[in-house]
Each structure stands twice: as C-alpha cells, then as structure tokens.
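Below: the structure, in structure tokens.
Lettering of chains follows the sequences in order, A, B, ..., and the numbering in each one begins at 1. These values consider heavy atoms only, across backbone and side chains, with no hydrogens, waters or symmetry-generated copies.
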Amino acid sequence: MSERHLSEQEIIRRQKLQQLQELNINPYPPESFEINVTAKDIKENYERDKLNYKNISIAGRILSIRDMGKAAFAVIQDATEKIQLYIKRDEICPGEDKTLYDVVWKKLIDIGDIIGVNGYVFTTKTGEISIHVLTFKLLAKALKPLPVVKVDESGKVHDAVTDPEFRYRQRYVDLIINPHVKNIFIKRTKIIQSIREYFNNKGYLEVETPVLQPIPGGAAARPFITHHNALDIPLYLRIANELYLKRLIVGGFEGVYEFAKNFRNEGIDRTHNPEFTGLEIYVAYKDYLWMMEFTEQMIEKVVTDLYDTTDLEVEGKIINFKAPFKRMTIVDAIKEKINIDISLCSEHELRELCKKHHVEVDETMGKGKLIDELFSALCEKELIQPTFIMDYPIETSPLTKKHRNKPGFVERFELYINGQEIANAYTELNDPIDQYHRFEEQVKLKQKGDDEAMYMDYDFIRALEYGMPPTAGLGVGIDRLTMLLTNQHSIQEVIFFPQMRPEKISEPETETTS
RNA sequence: GAUUCCGUAGCUCAGUCGGUAGAGCAUUACACUUUUAAUGUAAGGGUCCCGGGUUCGAGUCCCGGCGGAAUCACCA
C-alpha cells in the first residue's frame with residue numbers, strides 16, 4: 001500500500017472527521033433523512049403559500065458559509081436549486097452547552113459537506129428567501145475541498161472551473177459547481193423521453209438486441225474486439241444494431257426501436273466518442289418518403305417538448321424546426337453549388353471534379369464515394385436549416401433498397417441540421433439475393449484492405465430469405481442531436497464520462513518484487 | 001497521426017531580461033446575532049506536469065516524454 005499524498009486541507013479534514021467521531025457524531029450516518037421539500041419548491045412557492053413552509057426538512061451540499069459571531073449564513077444545494085440557511089447559535093443550542101454551534105458548526109462543518117436541516121422558511125431583510133435552521137445533521141463529510149465558485153451581485157461568475165480535463169475527469173465535481181452542466185444532461189434525458197413517448201404513442205415496441213456480436217454489422221466502422229472464454233470465440237462490440245432490428249421485423253414485429261450504445265474503434269474528437277448512443281427504428285410496410293415525414297414530426301415534437309417553441313438559436317443562428325423540412329437530392333445539392341449534374345459524370349470526370357474543388361481522393365474510391373466526398377466538401381456545412389438530402393449513390397449504401405426509378409441510386413435520406421448529419425434513413429433492402437450481392441461487394445472491398453467494409457452475414461441473409469416486409473428504417477445520433485438542441489460545440493459536453501486517456505497514477509518508489 | 005497553444009498552492013490565475021515562488025478565493029486562529037463575491041486582523045500551504053541539456057544560476061531558454069484543448073487528417 002502506498003501512502004497517498006494529502007494536501008494540507010485534506011489532512012485537516014481527516015482530523016475533523018476524527019473530532020466528530022470523538023463527539024459521537026457519525027460523519028456517515030446510515031439511516032434515512034426524510035425531506036419534505038426541495039429548494040426549488042421553496043423558491044417558487046413560498047411567497048404564495050407561506051403557511052406551508054413552517055416546518056420543513058431539506059438536505060443538500062454546503063456551497064458556502066458566512067460565519068458571523070453568534071449567527072451564520074450558509075448556502076446549500078439540493079438536486080433542484082441553491083438555498084440560503086440562517087443559523088443562530090442560541091437556537092440550535094438552547095442550553096448552556098454551545099458545542100454544537102461553536103465546535104461542530106463553526107469548526108467541523110466545511111464547504112462540500114452534505115447536511116440535512118429542519119426549520120422554517122423566512123425572508124431576510126435583504127429579501128432573500130432563506131431557511132431559518134432549528135436543527136441540522138451531518139449526512140456526509142467531504143474529505144476533499146470543493147472548488148469554490150462565487151457569483152457576484154451582477155451575476156458574474158468568479159473563479160469558475162473551466163479546465164476541460166478537470167471537468168471531464170471529475171464530472172461529479174463539474175456537476176456540483178457548474179449548474180448549467182447539469183441542465184444539459186437533464187435536457188439529454190428529456191430528448192430521449194420525448195422520442196420514446198412519440199414512438200410508444202404510435203404503438204412501436206422498444207426492444208434490446210445484442211451488444212456482443214459475432215459479426216459486427218449494420219455500419220461501416222472499425223469494431224472493438226473481445227473474446228468469449230467459454231465459447232472460445234472472438235466477439236465484437238456492436239457498431240450498430242440495424243441487422244438485429246431487421247431480424248425482428250422478419251419475426252413479425254411491425255415497429256421496433258432501440259436506444260443503443262454503439263462502439264467504434266476510431267479517433268476521438270469534438271464530434272466522436274468511442275461509445276455513443278444511436279437510436280434506430282424500423283417500421284414495416286413503410287418507405288423512406290413516409291419516414292421523412294415521421295422524422296420531421298419527431299424532431300419538431302422533441303424541440304417543442306424541450307423549449308415550447310420551434311425556433312432555436314444554435315451557435316448564433318436561428319434554426320426553425322417546424323415541419324415540413326426542405327428536401328433535396330444529393331445530385332441537386334451538388335448541382336446547386338457547381339452547376340454540374342454529377343449523375344451524368346463518369347468516375348474519371350468525378351475524380352477531376354474532386355481535384356478541381358480540392359477534395360482529397362485516392363485510388364480506391366469508386367463513383368459513390370467520390371460523390372459523397374464532393375457533397376461533404378461542397379454542401380454539408382451550409383445546410384443550416386433542417387434539410388433532407390435524398391437518393392444516395394448505391395455503392396455507399398449496401399443495406400438500402402435500389403431507387404424505384406433512378407438507376408445507380410438508393411432510397412436513402414440523411415437529415416442535416418446546422419451543417420451536421422443528425423439522422424440517416426432508408427427504404428430497407430429486403431431482397432435477399434440483392435442483399436447477398438451487396439455483401440459480396442463489401443467482402444471484396446475488405447479483401448482490398450478496406451477495414452471498414454462490411455462482413456458477410458449469412459444468418460441475416462437467411463432471415464431475409466424467409467421474407468421481410470417492405471420496411472423503412474431510421475437512425476439518429478442521440479449525442480449529436482443533444483449537442484444541437486443544447487447548443488454545445490463538443491460531444492464531451494453531452495456525455496457524462498467522455499473517453500479520455502487514463503490518468504497516470506504516479507507510483508512511489510517501490511522495491512521490485514522477485 | 002500532423003500542427004499550434006496550454007500545464008505554477010485545493011480552485012482561478014500572475015510571474016518582467018534567466019537571479020530567494022506571488023495574488024484572490026479556499027484553509028487555520030481570533031473578532032463579529034440578517035450576511036450574500038460578507039467583513040477586519042494574523043498565519044500556514046509549492047514535486048512550478050516528468051526527465052534530460054545549456055548556464056555560476058532555469059518556473060522562465062533548448063531537447064525528449066506525459067496529459068489536455070483547438071484546427072486539420074481519419075471516421076460515409
């Protein structure tokens with residue numbers, strides 16, 4: 001066991017812990033502390049209904065203390081809000097013994113400690129709704145000092161902890177001291193709840209499908225690989241759940257969806273985390289045109305549930321989420337930019353176009369990929385208002401049904417908002433023979449060295465051979481959608497514990513064991 | 001993976017030309033019965049991210065590493 005390096009303040013707090021125990025105060029009591037009110041409730045309703053707040057019980061974490069001789073003020077924060085406490089020595093210590101105030105409160109209670117209090121609500125002479133404390137109880141002693149963030153009269157925040165490394169590694173502290181952070185995550189949950197409600201109201205079934213998959217399918221991405229000892233086989237963490245949900249459509253469910261943690265073994269940046277949340281939904285007897293309406297209504301509902309409006313300011317731009325959204329084919333989107341119909345271009349001409357517009361290409365890229373690159377470079381960033389981009393080239397969409405009247409293209413759309421891809425949807429390919437050939441193409445790509453090409457999945461083909469009804473499917477990146485709807489620039493701000501390099505724990509010098 | 005920037009007290013940050021390590025908050029002690037960035041007086045607190053190099057002397061300059069951020073690349 002190595003001795004942990006403790007700061008001066010940490011040593012003092014450990015000494016206080018001992019002193020508390022010597023006073024027969026358990027710093028970590030086991031029993032429940034019953035509360036009957038929240039800080040938010042008090043702040044919102046006390047003025048209207050003062051009689052209801054004569055005998056309250058509330059618990060929270062101490063954020064600041066202002067001792068003033070024989071009385072003191074403190075601020076505690078519960079799950080909802082901050083609220084001020086007023087503590088008078090002679091009220092919490094009515095007898096001769098003033099230990100509880102002079103020693104326990106003034107010496108042994110610190111910022112960061114969690115306490116429960118009983119008392120009544122009143123308004124101070126400066127007009128702040130506060131709790132007049134009659135009794136208090138220590139519920140948990142904090143051994144590490146909490147960073148103190150102060151807000152002045154004008155609302156300006158002083159000494160805010162903004163260091164991203166500190167905030168992400170110690171998110172628990174971030175959530176305590178940066179109230180807006182908590183709000184982002186509450187919104188994230190509301191977004192998911194809103195979507196779930198939308199689906200459930202339509203009678204679709206929420207399901208669970210495997211995270212550990214013998215063949216990682218449904219997307220083009222490098223998987224994480226692991227090993228199952230008992231079966232002695234490799235297993236992959238899912239990169240998508242698409243193929244399993246479609247198997248359920250084959251099985252007779254007519255609407256299934258899943259909020260799925262997916263895993264991709266790729267770079268980490270502002271918009272990518274190795275594990276992220278995808279939502280996928282499949283609805284039988286529908287096509288991608290139906291799915292477009294379904295999607296825009298879903299997005300409009302989510303925004304309205306969240307903000308009671310359909311206009312949102314994101315990165316300084318007003319985005320209007322009122323359905324219907326603009327629709328445009330990928331061919332038209334590019335034509336609008338460079339006045340060339342790329343559906344008429346040969347692969348060689350596409351390559352020249354890419355060069356002309358400084359789009360990096362390599363030999364392995366086919367027609368579909370080149371069109372995709374052109375679109376990304378020329379159009380993507382400018383799609384600020386919600387826009388469906390439709391009818392993608394077939395090469396990059398191996399799970400999508402061929403377009404009903406455009407050879408070489410598929411029935412696929414992506415929804416772009418604020419220059420970001422938010423959703424991706426198809427009329428699903430349900431022709432088992434076509435699907436088999438598409439997989440074969442992917443396998444060829446894999447053999448050429450494309451480590452993101454898809455694997456052949458014979459069981460999925462077998463499922464399709466039993467017959468899958470015509471189906472529309474949709475995938476939504478929940479993290480990206482949350483970023484958009486909470487106006488956050490980085491995915492790390494919408495994931496509680498974003499992936500980071502492990503902290504290096506400096507080991508003190510130890511004797512090498514033989 | 002490339003480039004740029006950053007790393008100093010528990011937190012937020014200064015640190016000049018290379019010359020004994022600084023402030024505010026927090027902490028400790030004392031005072032103070034309606035304060036609110038409470039106040040007043042005093043005190044303690046440092047692996048200047050790590051390792052080399054240059055130098056009489058390095059928080060500061062150079063090289064390497066570690067960690068983080070941004071941009072780019074990659075990720076349809």
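If you take atom P in rU4(B) and the same atom in rA76(B), they sit 29 Å apart, rounded to whole Å. Taking atom C1' in both rC72(B) and rA14(B), one finds a spacing of 33 Å when rounded to whole Å. Here the separation of rG45(B) from rC6(B), taken at their C1' atoms, is 25 Å to the nearest Å. When the C1' atom is compared between rC50(B) and rC11(B), the two are found 23 Å apart, to the nearest whole Å. Rounded to a whole angstrom, the distance from the C1' atom of rC48(B) to that of rA58(B) is 11 Å. Only the C1' atoms considered, rC32(B) is 36 Å distant from rG15(B), to the nearest whole Å. rU60(B) and rG7(B): their C1' atoms are spaced 14 Å apart (whole Å). With P as the reference atom, rG22(B) and rG59(B) are 13 Å apart, rounded to whole Å.
Using a 4.0 Å heavy-atom cutoff across all strands shown, His489(A) reaches sugar-phosphate atoms only and no base atom. Within the nucleic acid shown, Arg66(A) comes within 4.0 Å of at least one base atom, counting heavy atoms only. Tyr101(A) comes within contact range of no nucleotide atom at all, as no heavy-atom separation falls under 4.0 Å. Within the nucleic acid shown, Glu452(A) comes within 4.0 Å of sugar-phosphate atoms alone, with no base atom in reach, counting heavy atoms only. The residue Arg169(A) sits close only to the backbone: its heavy atoms come under 4.0 Å of sugar-phosphate atoms, none of a base.
A cation-pi arrangement, defined by a distance under 6.0 Å to the six-membered ring centre and an angle within 45 degrees of its axis, is present between Arg412(A) and Tyr392(A).
Ring geometry for Tyr120(A) against His132(A) counts as parallel: the plane angle stays under 30°, on a 0 to 90° scale with 60° as the upper cut.
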I'd like to know whether Phe413(A) forms a ring-ring contact (aromatic ring centres under 6.0 Å, His included) with Phe388(A), so could you lay out the CA-CA distance, the side-chain angles of the two residues, the decisive distance to 0.1 Å, and finally the verdict.
CA-CA 6 Å; Phe413(A) 72 79; Phe388(A) 291 116; 4.9 Å; yes

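The pairing partner recorded for rU54(B) is none, the criterion being a Watson-Crick or G-U wobble arrangement whose two distances lie under 3.5 angstrom. Judged by Watson-Crick or G-U wobble contacts below 3.5 Å, the nucleotide rU34(B) has no partner. Across all strands shown, rA2(B) pairs with rU71(B); the Watson-Crick or G-U wobble distances both stay below 3.5 Å. Using the Watson-Crick or G-U wobble rule with both distances under 3.5 Å, rA21(B) pairs with nothing in any strand shown. With a 3.5 Å ceiling on both atom-pair distances, the Watson-Crick or G-U wobble partner of rU28(B) is rA42(B).
One can place CZ of Arg270(A) at 13 Å from P of rA69(B), the figure rounded to the nearest angstrom. In this entry the distance linking CD of Gln492(A) with C1' of rG68(B) reads 9 Å, nearest Å. Across the protein-nucleic acid pair, Ile177(A) atom CD1 and rA26(B) atom C1' stand 12 Å apart, rounded to whole Å. Whole-Å rounding puts the Glu153(A) CD to rA38(B) C1' distance at 12 Å. One interatomic measurement links the two molecules: NZ of Lys150(A) to P of rG24(B), which rounds to 13 Å at whole-angstrom precision. Between the P atom of rU34(B) and the CG atom of Asp90(A) lies a distance of 13 Å, rounded to the nearest Å. Rounded to whole Å, atom C1' of rA38(B) lies 10 Å from atom CD of Gln84(A). When the C1' atom of rC74(B) is taken as reference, atom CG of Asp372(A) falls 15 Å away, rounded to whole Å.
Not one side-chain nitrogen or oxygen of Lys88(A) sits closer than 4.0 Å to the OP1 or OP2 atom of rU34(B). For the pair Arg89(A) and rU33(B), the criterion of a side-chain N or O lying under 4.0 Å from OP1 or OP2 is not met.
Ranking rA76(B), rU33(B), rG67(B) by closeness to the Glu165(A) side chain, first place goes to rG67(B). Considering only side-chain atoms of Ser490(A), the nucleotide from rA70(B), rA69(B), rA76(B) that sits closest is rA70(B). Nearest nucleotide to the Asp269(A) side chain, out of rA73(B), rU33(B), rA76(B): rA73(B).
For the 3.5 Å distance criterion, the side chains of Tyr282(A) and Glu280(A) qualify, holding a donor opposite an acceptor. Asn418(A) and Glu315(A) form a side-chain donor-acceptor contact under 3.5 Å, judged by distance and modelled atom types alone. A side-chain donor-acceptor contact under 3.5 Å links Thr427(A) and Glu411(A). Of the N and O atoms on the side chains of Gln499(A) and Asn273(A), not one donor lies less than 3.5 Å from an acceptor on the other residue. With no hydrogens or angles considered, a side-chain donor-acceptor pair links Glu380(A) and Ser376(A) at under 3.5 Å. With no hydrogens or angles considered, no side-chain donor-acceptor pair links Tyr436(A) and Asp457(A) at under 3.5 Å.
Exactly one of Thr329(A), Val331(A), Val410(A) qualifies for a side-chain contact (heavy atoms from CB on, under 4.5 Å) with Asp391(A). That residue is Thr329(A).
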Taking only nitrogen or oxygen atoms into account, show me every contact under 3.5 Å that the protein makes with nucleotides 7-13 of chain B, one pair per line with its distance.
from    : atom 1 : to      : atom 2 : distance (Å)
rG10(B) : N9     : Gln9(A) : NE2    : 3.4

What does the list of N/O pairs under 3.5 Å between the protein and nucleotides 29-31 of chain B look like, with a distance for each?
from    : atom 1 : to        : atom 2 : distance (Å)
rC30(B) : OP2    : Lys107(A) : NZ     : 2.4

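Salt-bridge annotation for Lys98(A) and Asp90(A): present, with a side-chain N of the basic residue lying under 4.0 Å from a carboxylate O of the acidic one.
In this structure, CZ in Arg222(A) is found 12.0 Å from CZ in Arg264(A), a value given to the nearest 0.5 Å.
Nearer the 5' end of RNA chain B, as judged by each residue's closest nucleotide, is the contact made by Thr124(A), out of Glu414(A) and Thr124(A).
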